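Here is the structure we will look at.
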Protein chains: 2
Amino acid sequence: MRLLIAEDDKLHRAFLKGVAEEVLTDDLEMVEAEDGQVALDAFLDAPFEAVILDLQMPHVTGVDVAKRIWARHTSTRILFWSNYADEAYIRGITRIVPPEAVYGYVLKTTPEDRLKMAIQGVFQADQCVIDREVRGVQQRSSDRVSSLTDLEYEALVDLSLGLTDKAMAARRRVSLRGAQSRLQHLYQKLGLDKSDIPVGDWGPSFNSRTRAISVAISRGLLNADALRQEEADLQAWLKKKI
Amino acid sequence: MRLLIAEDDKLHRAFLKGVAEEVLTDDLEMVEAEDGQVALDAFLDAPFEAVILDLQMPHVTGVDVAKRIWARHTSTRILFWSNYADEAYIRGITRIVPPEAVYGYVLKTTPEDRLKMAIQGVFQADQCVIDREVRGVQQRSSDRVSSLTDLEYEALVDLSLGLTDKAMAARRRVSLRGAQSRLQHLYQKLGLDKSDIPVGDWGPSFNSRTRAISVAISRGLLNADALRQEEADLQAWLKKKI
DNA sequence: CTAAGTTTTGCGGGTTCCCGCAATTCGGTT
DNA sequence: AACCGAATTGCGGGAACCCGCAAAACTTAG
């Protein structure tokens, strides 16, 4: 079996290598990459059947890598291995996983034996193995009432990038009122109306626009990685627009 | 020598322990903590002369721990050990380090030999050892023109928490116009005026208020940890205010 | 085809925000 | 004492934002 390990932290990479060697006894060809780009290069050079991906890597994130890999071979089994169970990541992944693909999601904090079981499950038994903590977030993020729709998420992104209503309207090709309407739905979904406790005499405490970003970030709906990614997309769009 | 290691990641903790044992040959008493709170408890139980602190830990961050430690013993030498060189961390640390204290700041990505040198430098030679990458950020964050003053930083925090101008004014005990004025300075410092390229006919692209948060986050001036911390402070203030 | 649900749009007005101008205060300096 | 830079405050106007109401457009089943 050919296994690709993409992880920027030296220690974790070595650890993964050790565990994989221990669990996957049959003849194993392993390649390590300390960056998303070199992982992709290695894969395009000669495909792998199994991949372990860290999600947070500089430049090219794990989600990007997975997307490109699955675009070519949906049969490749991928085990995601991440620090956090941020909704930003979960959303990114569930958007790109092909219906028939096999994958796993394990947090770095889980004990070693569960990691071993995940490796076996995904790479040998063709099962999807997802940590309980992650599963909880995933559940919530596919729930009709508490989760954001794609449109609302788009609005959140534009908002967090600092765009004006007008700019959002232009970017998403809707009217000004349309953009504002999406924002309104977003505010509602994030529960901004309830949390606003007007204390004393100085009226409403929170500005919906900025408060939305605040709760989105502390909920892990958005993180610095995702923001940088979206910023790049925005710049690309701006350039094309000129 | 008594050494306390606070780090939530198992692998990194074990690694640190190994390196420390190797470098500090004289008789060594080591205690490990996987959380800021237990680290603090251990320290209050019996002080340490040397501490290695991860900055990002759940609940009680490394900066918090350092603050409490130095409040009791300024002679304790602390080595910070972190994933990122975010200005949010740097600022947090430089605010609390006593003038005579000895400390170090090493990134997790630096090679092992440099970590060893840092451990020796800080714990045995009483030198301050700071990684080059970190030093760069530190420089910038104490520069008069590009860095934020404390007032501007306060404004950034309030802004990112989602407060209105009025609420900021109440919290910081200034007039409404005063709060707005601080915001204005903040916007200027973040360079929001220059980056606003009005493209085509749909006018200004960016909303200063939200754009400020965006650039602050992507610059690492603010991160999710710091935000959660400040959110707690805000809630405490709100409670007291009622 | 119809019905229910979601999304978009226009209108309107009340609020908040952004910021230039000018006056004032408050350390710290020469 | 005179001065300077930084911070604060009031005023005022133009722009942006928030949102309720109601009508259209579009989607998705039954």
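Order of the sequence lines fixes the chain letters, A, B, ..., with proteins taken first and strands second; residue numbering starts at 1 for each chain. Small disclaimer: the values here were computed from a predicted structure and weren't measured.
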Rounding to a whole Å, what distance do you find between R209(A):CZ and dT16(C):C1'?
12 Å

Any side-chain N or O of Q184(A) below 4.0 angstrom from OP1/OP2 of dG20(D)?
yes

Nearest-angstrom distance from the residue atom CG of L186(A) to P of dT6(C)
17 Å

I need the CG-C1' distance between L159(B) and dC18(C), as an integer number of Å.
13 Å

Let me have the donor-acceptor pairs involving side chains of residues 125-137 of chain B, under 3.5 Å, with sequence neighbours excluded, atom names and distances please.
{"from": "D126(B)", "atom 1": "OD1", "to": "R77(B)", "atom 2": "NH1", "distance (Å)": "3.1"}
{"from": "D131(B)", "atom 1": "OD1", "to": "R114(B)", "atom 2": "NH2", "distance (Å)": "3.4"}
{"from": "D131(B)", "atom 1": "OD2", "to": "L107(B)", "atom 2": "N", "distance (Å)": "2.9"}
{"from": "R135(B)", "atom 1": "NH1", "to": "Q138(B)", "atom 2": "OE1", "distance (Å)": "2.6"}

Which residues share a side chain to side chain contact (heavy atoms under 4.5 Å, CB included) with T210(A), sequence neighbours left out
N207(A), L159(B), R209(B), T210(B), I213(B)

Going by side chain to side chain donor-acceptor pair (under 3.5 Å), name the residues that satisfy it together with E231(B), two or more places apart in sequence or in a different chain.
R211(A), Q235(B)

Side chain to side chain donor-acceptor pair (under 3.5 Å) partners of residues 78-89 of chain A, not counting sequence neighbours, each pair once:
E7(A)-W81(A), Q56(A)-N83(A), Q56(A)-Y89(A), D86(A)-N223(A), E87(A)-R140(A), Y89(A)-D225(A)

For atom CG of L163(B) and atom P of dT16(C), their distance in whole Å:
14 Å

Applying side chain to side chain contact (heavy atoms under 4.5 Å, CB included) to L151(B) and not counting sequence neighbours gives T149(B), E154(B), R182(B)

With sequence neighbours left out, the residues meeting side chain to side chain donor-acceptor pair (under 3.5 Å) with T61(B) are D64(B)

Taking side chain to side chain contact (heavy atoms under 4.5 Å, CB included) as the definition, give me every residue that meets it alongside P58(B), ordered by chain and number, with sequence neighbours left out.
D8(B)

Nearest-Å distance, CG (L183(A)) to P (dT9(C))?
13 Å

Rounded to whole Å, CG of D165(A) lies from P of dC19(D) at a distance of 11 Å

Interatomic distance, K189(A) NZ vs dT7(C) C1' [rounded to whole Å]
13 Å

Greater than 12 external heavy atoms within 6.0 Å of R68(A)'s CZ
no

Can you tell me if S218(B) uses its side chain to pair, donor with acceptor, with the backbone of S214(B) under 3.5 Å?
yes

Taking CG from N207(A) and P from dT15(C), how many angstroms apart are they, rounded to a whole number?
16 Å

Note down the inter-axis angle between the two ends of the helix from dT9(C)-dA22(D) to dT30(C)-dA1(D), five pairs each, to the nearest 10°.
30°

In the 5'-to-3' direction, what one-character label does each nucleotide of nucleotides 4-13 of chain D receive under the scheme B = base within less than 4.0 Å of a protein heavy atom, S = sugar-phosphate only, - = no such atom?
---SBBBB--

